[in-house]
Amino acid sequence: MLILNKTAGVFFKPSRRKIYEFLGSFHFHPGKLFLHKLVLGIETSCDDTAAAVVDEAGNVLGEAIHSQTEVHLKTGGIIPPVAQQLHRENIQRIVQEALSASEVSPSELSAIATTIKPGLALSLGVGLSFSLQLVDQFKKPFIPIHHMEAHALTIRLTNKVEFPFLVLLISGGHCLLALVRGVSDFLLLGKSLDIAPGDMLDKVARRLSLIKHPECSTMSGGKAIEHLAKQGNRLHFDFQPPMQRAKNCDFSFSGLQHVIDKMIMQKEKEEGVEQGQILSSAADIAAAVQHTVACHIAKRTHRAILFCMQRGLLQPSSAVLVVSGGVASNLYIRKALEIVTNAAQCTLLCPPARLCTDNGIMVAWNGVERLRAGLGILHNTEGIRYEPKCPLGVDISKEVGEAAIKVPRLKMKI
Ligand code: KG4
Ligand code: ZN
């Protein structure tokens with residue numbers, strides 16, 4: 001069994017007896033025969049400790065996840081050493097739970113796939129060192145996974161989607177538009193120049209003290225904004241979508257966040273409310289913020305679709321837009337994107353909500369895709385390192401901007 005030495009904060013190599021105990025903790029089915037390759041996926045890039053076993057046909061045999069959201073909500077954001085400690089405390093249990101649920105023993109695995117980039121250094125380190133111990137103990141191939149590639153390819157687990165397709169990844173740490181041409185062949189069309197939309201929504205939710213709102217206290221910032229927005233009137237506030245003159249597919253959210261901050265301060269003065277108390281206009285602000293974010297994301301995505309069609313990178317008859325990442329679970333933003341895809345005659349696909357946020361399934365599935373394609377399977381893990389920063393694919397965002405495609409105005413009646 002892999003044991004976390006809490007005082008030293010490192011994993012130590014277990015004795016042979018401990019390994020037998022670990023193996024003994026699984027139910028073996030001597031008659032059981034797995035026809036497909038099996039991959040264990042491990043995800044610790046941010047604040048979720050997650051693991052899953054997925055087979056070659058895309059069947060999820062077992063999964064487990066431990067979310068740190070509640071702890072980080074209380075501290076007002078992710079504190080990396082806290083995230084690292086929580087990953088250390090939970091990784092063994094989560095991997096064991098995923099394996100037990102799958103009734104697959106480690107020796108039956110075809111490979112172990114783990115997110116090694118991009119993400120928080122301290123978090124990535126926990127997943128990588130735990131995985132390397134497993135790889136070493138059970139003599140399995142190791143498949144290093146790019147977190148954003150895993151998000152992008154998840155749709156191929158749930159739907160029959162052929163390459164190429166367009167992907168919009170919107171989460172707390174990432175915001176990008178890319179053309180997916182193959183398992184490890186991505187063209188980056190645009191990205192956020194500052195913060196990601198989820199990060200911005202989290203900051204606005206914090207500034208509005210939504211954690212104190214009885215209906216939102218356990219929700220992530222983005223989810224709290226979506227929830228409250230349903231009770232508000234967006235027309236009470238007028239925030240302008242960012243970068244309206246830049247005819248590219250890049251995004252920006254920090255300027256908008258600054259404008260919203262100023263508006264909240266003004267409202268606090270008007271309502272005679274101290275910072276930290278909930279404004280009576282919080283729901284209206286949430287609705288207006290959500291609408292502006294949705295319009296900004298929709299416009300950039302529309303341009304990306306048009307660019308890909310003009311360049312012959314996507315065929316109008318079969319064009320698919322996949323939206324994933326934590327913010328993709330926002331139904332208002334999805335509806336805005338639906339307006340765009342209807343106008344551009346493109347199919348919109350989103351993985352189910354639980355696969356939009358971080359999970360072990362997407363990592364295991366990316367491992368399966370790589371195994372099938374014979375890409376990036378390591379039999380020797382010497383020198384393998386995690387990479388906190390790592391771009392996605394080949395960056396052609398400058399070329400996209402130079403094309404300066406004018407996007408037709410659409411009525412965003414959501
Ligand atoms: O993909 P994810 O779990 O983690 C990464 O950032 O990689 O995304 C988490 C982000 C958070 O910023 C959270 O506020 C946002 O996704 N989020 C939402 C919703 N649910 C989660 N944003 C908008 N609407 C939602 N329903
Ligand atoms: Zn993510």
Side-chain angles (χ1 to χ4, degrees), residues 41-50 65-70 72-73 76-78 80 83 115-120 123-124 127 145-155 167-176 178 191-192 195-208 210-211 215-230 251 253-254 257 286-287 289-294 296-298 322-337 350-363 365-366 388-390 392 414:
I42 299 178
E43 159 65 38
T44 65
S45 69
C46 190
D47 59 346
D48 290 303
T49 316
I65 186 159
H66 173 264
S67 167
Q68 304 175 359
T69 306
E70 225 172 288
H72 299 311
L73 268 176
I78 299 173
T115 304
I116 67 149
K117 60 191 175 185
L120 297 173
S123 296
L124 288 167
I145 302 294
H146 188 299
H147 180 81
M148 305 314 287
E149 290 183 7
H151 269 307
L153 295 186
T154 305
I155 198 70
V167 70
L168 167 70
L169 294 176
I170 37 178
S171 74
H174 299 278
C175 175
L176 56 88
K191 60 180 183 313
S192 176
I195 59 173
D199 189 10
M200 182 222 150
L201 293 172
D202 290 342
K203 285 183 167 121
V204 171
R206 262 203 304 281
R207 184 63 187 79
L208 286 170
L210 297 189
I211 195 163
E215 291 164 27
C216 307
S217 60
T218 58
M219 293 178 185
S220 68
K223 200 169 166 107
I225 296 274
E226 180 176 28
H227 179 79
L228 217 57
K230 289 184 193 134
F251 303 81
F253 295 94
S254 60
Q257 187 215 323
V289 168
Q290 180 176 251
H291 181 77
T292 312
V293 167
H296 180 47
I297 291 173
V322 172
V323 187
S324 195
V327 180
S329 39
N330 184 297
L331 296 182
Y332 191 93
I333 294 173
R334 280 197 199 188
K335 277 191 195 145
L337 289 164
C350 302
R354 76 188 176 99
L355 294 181
C356 275
T357 53
D358 292 352
N359 62 84
I361 297 169
M362 69 180 195
V363 179
W365 174 246
N366 203 188
K389 282 201 185 336
C390 183
L392 177 74
I414 304 170

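Residues take their numbers from the sequence shown, with the count starting at 1. Whatever order the structure lists ligands and atoms in, that order sets their numbers, starting from 1.
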Decide side-chain contact (heavy atoms from CB on, under 4.5 Å) for Val204 and Ile225; before the verdict, give the C-alpha distance in whole Å, the side-chain angles of both, and the deciding distance to 0.1 Å.
-> CA-CA 8 Å; Val204 171; Ile225 296 274; 3.9 Å; yes
Verdict with reasoning, His151 to Asp358, per side chain to side chain donor-acceptor pair (under 3.5 Å) | CA-CA 8 Å; His151 269 307; Asp358 292 352; 3.0 Å; yes
Could you check Ile195 against Lys203 for side-chain contact (heavy atoms from CB on, under 4.5 Å), going step by step and ending with a plain yes or no?
-> CA-CA 11 Å; Ile195 59 173; Lys203 285 183 167 121; 4.2 Å; yes
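Between Ile78 atom CD1 and Ser123 atom OG the span is 7.5 Å, to the nearest 0.5 Å.
Listed by number with element, the atoms of ligand 1 under 4.0 angstrom from any heavy atom of Ser220 are 13 (C), 14 (O), 17 (N), 20 (N), 21 (C). Atoms of ligand 1 found under 4.0 Å from any heavy atom of Gly198 (numbered from 1 in listed order, with element): 12 (O). Of all the atoms in ligand 1, the ones that sit under 4.0 Å from a non-hydrogen atom of Gly172 are 5 (C), 6 (O), 8 (O), 9 (C), 10 (C), 12 (O).
Residue contacts with ligand 1 include His147, since one of its heavy atoms falls under 4.0 Å from the ligand. In this structure, Gly173 counts as a contact residue of ligand 1, since one of its heavy atoms falls inside 4.0 Å of the ligand.
Looking only at side-chain heavy atoms (C-beta outward), Glu43 and His147 come within less than 4.5 Å of each other.
Residue Ile170 is tested with Val323, Val293, Leu176 for a side chain to side chain contact (heavy atoms under 4.5 Å, CB included); the sole match is Val323. For the side chain to side chain contact (heavy atoms under 4.5 Å, CB included) with Glu149, the qualifying choice from Leu392, Thr115, Val167 is Leu392, the only one to do so.
The protein non-hydrogen atom at the shortest distance from atom 17 (N) of ligand 1 is Gly326 O, 3.6 Å. In terms of protein heavy-atom proximity, atom 14 (O) of ligand 1 is closest to Asp202 OD1, 2.6 Å. Protein heavy atom at the shortest distance from atom 26 (N) of ligand 1 is Glu226 OE1, 2.8 Å. Atom 22 (N) of ligand 1 has its closest protein heavy atom at Gly222 CA, 3.3 Å.
Within the 3.5 Å criterion, the main-chain N or O of Ala83 finds a donor-acceptor partner in the side chain of Gln68. In this structure a side-chain-to-backbone donor-acceptor pair under 3.5 Å is present from Asn359 to Thr357. Proximity of a side-chain donor or acceptor of Ser45 to a complementary backbone N or O of Gly119 within less than 3.5 Å is not detected.
The part of Leu201 lying near ligand 1 is the side chain, judged by heavy-atom distances below 4.0 Å.
The Zn ion (ligand 2) lies under 2.8 Å from an N, O or S atom belonging to His151. Among the atoms of Cys46, none of the N, O or S atoms falls under 2.8 Å from the Zn ion (ligand 2).
Which of Gln290, Lys223, Glu43 comes nearest to atom 19 (C) of ligand 1 through a heavy atom is settled by distance: it is Lys223.
Closest N/O/S atom of Asp358 to the Zn ion (ligand 2): OD1.
Taking any N or O of Asn330, backbone or side chain, at least one lies under 3.5 Å from an N or O belonging to ligand 1.
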